[in-house]
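Here's the structure, in structure tokens; my notes come after.
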Number of protein chains: 2
Amino acid sequence: MKALTIGALARAAGVSVETIRYYQRRKLLRDDGPRQGAFRVYESADLIRLRFIRRAQTLGFSLDEIAELLRLDEIDDRVEARAMAQARLEEVERRIGQLNEIRDALASLVSCCEHTESPAPCPILHTLLDDGFLSRPPQR
Amino acid sequence: MKALTIGALARAAGVSVETIRYYQRRKLLRDDGPRQGAFRVYESADLIRLRFIRRAQTLGFSLDEIAELLRLDEIDDRVEARAMAQARLEEVERRIGQLNEIRDALASLVSCCEHTESPAPCPILHTLLDDGFLSRPPQR
DNA sequence: CTTGACTCCGTAGTCGGGTACGGAGTTTAC
DNA sequence: GTAAACTCCGTACCCGACTACGGAGTCAAG
């Protein structure tokens, strides 16, 4: 249980001090912890919490969802936590499905372009003109 | 070649008038077209261009990239257009790979939670505490 | 006891792709 | 001829997750 300054905590978690402050404002981390003199002191529990936040982000949870996950952890509500993970899983699967369609569309555009002679109506740009293309869901 | 008002064009493309104006500001659509009286008139070429933009967005191109694609179309540079589609394809494939990892991680979290008895250390929330998790790339 | 690094806190700006608002002018239908 | 609907244009605001900035206070090393 060694004490950390906010800067040391940031370095340990691989985030910036600004990010930690931002999480405090968002109530993901407490900003009313103990102080030594004028400066707040953090400890390993804070680091664990911070790492949890970053990993949950990697899984695609928003900060609001992560706040909820942390709350569920505190009240030990596993049913609800599992439901959130399940919902996220389904969302990811939907997204994978969309991206597969997009991949196929792009792949056929590319190969089609490769096999078309120069004076022909370039596929890439105008296959996109066809109707009944993919329905809309991009978001990168 | 029937003339359209901006409102009719918007309805035909399924976007809002505001969106069309926004694309004009971004130089994706021209805003110096002919007018009839005080109002600009649009025609099928504009509708085609607008649909192209929306379809390219569906494939995940940004508006800047779409501007570039439109430029390449004008100068008929198929090599570069194909390169952009190829790059986009690779990006999509990377993303699919990431999402597959995320899906697996979520799935194992969920099933693990389902098969753990209540007093045990709930998996969902603290598997996330393990080291060497996924490396960072979320973006929903 | 000074210097430099750090901390605290508040506010503002960034990105991308729009949406919203508001006032003034125009056009169309009745 | 007037009212409703539309257009034009500019500016401001939205989302999420930060990042940047600035001034003041504080702490640790030399």
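Here is the naming used below: chain letters follow the sequence lines, and residue numbers restart at 1 for every chain.
- Between A/Ile66 atom CD1 and D/dG16 atom C1' there is a gap of 12 Å when expressed in whole angstrom units.
- Looking at the side chain of B/Leu63, the nearest of the listed nucleotides C/dC6, D/dT7, C/dG17 is C/dG17.
- Proximity of A/Thr5 to the phosphate of C/dC6: no side-chain N or O atom is located under 4.0 Å from OP1 or OP2.
- No chain of hydrophobic side-chain contacts below 4.5 Å, direct or via other Ile, Leu, Val, Met, Phe, Trp or Tyr residues, connects A/Ile6 to A/Val41.
- Of the inter-residue distances, the one linking B/Thr19 atom OG1 with B/Leu29 atom CG reads 10.5 Å to the nearest 0.5 angstrom.
- A close approach under 4.0 Å does occur between a side-chain nitrogen or oxygen of A/Thr19 and OP1 or OP2 of D/dT19.
- In this model, the phosphate group of C/dT19 is not approached by any side-chain N or O of B/Arg25 to a distance below 4.0 Å at OP1 or OP2.
- Put simply, A/Ser62 has no side-chain N or O that comes within less than 4.0 Å of OP1 or OP2 on D/dG16.
- Taking atom CD1 of B/Ile20 as the reference point, atom P of C/dG18 lies 12 Å away to the nearest angstrom.
- For the residue pair B/Arg54 / B/Tyr23, a side-chain donor-acceptor distance below 3.5 Å is found, with atom types taken as modelled.
- The NZ-C1' distance, from B/Lys27 to C/dG17, rounds to 18 Å in whole Å.
- For D/dG16, the OP1/OP2 oxygens have no side-chain nitrogen or oxygen of A/Tyr22 closer than 4.0 Å.
- As judged by a 4.0 angstrom heavy-atom cut-off over every strand, A/Arg21 is placed among the base-contacting residues.
- In this model, the phosphate group of D/dC9 is not approached by any side-chain N or O of B/Gln24 to a distance below 4.0 Å at OP1 or OP2.
- Residue-to-nucleotide proximity on DNA chain D shows that, of B/Gly7 and A/Asp64, the 5′-proximal contact is made by B/Gly7.
- If you find the closest nucleotide of DNA chain C to B/Gln36 and to A/Arg35, the one lying nearer the 5' end belongs to A/Arg35.
- In this structure, the CG atom of B/Asp31 is 14 Å from the C1' atom of D/dT7, given to the nearest Å.
- Judged by closest nucleotide on DNA chain C, B/Tyr23 is the one of B/Tyr23 and B/Glu18 placed further toward the 5' end.
- When each of C/dT19, D/dC18, D/dC6 is scored by its nearest atom to the side-chain atoms of A/Arg54, the top-ranked nucleotide is D/dC18.
- As a whole-Å value, the separation of A/Ile53 CD1 from D/dG16 C1' is 15 Å.
- Residue B/Phe39 is not grouped with residue B/Tyr42 when hydrophobic side chains (ILVMFWY) are merged at heavy-atom distances under 4.5 angstrom, including chains of intermediate members.
- Taking each heavy atom of B/Leu59 and A/Ala105 in turn, the nearest pair found is CD2-CB, 3.9 Å.
- Comparing D/dC8, C/dG17, C/dC8 by their nearest atom to the side chain of A/Ile6 picks out C/dC8.
- Straight-line distance from the CZ atom of B/Arg40 to the C1' atom of C/dG25: 14 Å, rounded to whole Å.
- A straight line from CZ of A/Arg26 to C1' of D/dT19 spans 15 Å, rounded to a whole angstrom.
- A/Arg26 has a carboxylate O that lies under 4.0 Å from a charged side-chain N of A/Asp64, or vice versa, which qualifies the two as a salt bridge.
- Separating the CZ atom of B/Phe39 from the C1' atom of D/dC9 is a distance of 12 Å, rounded to the nearest angstrom.
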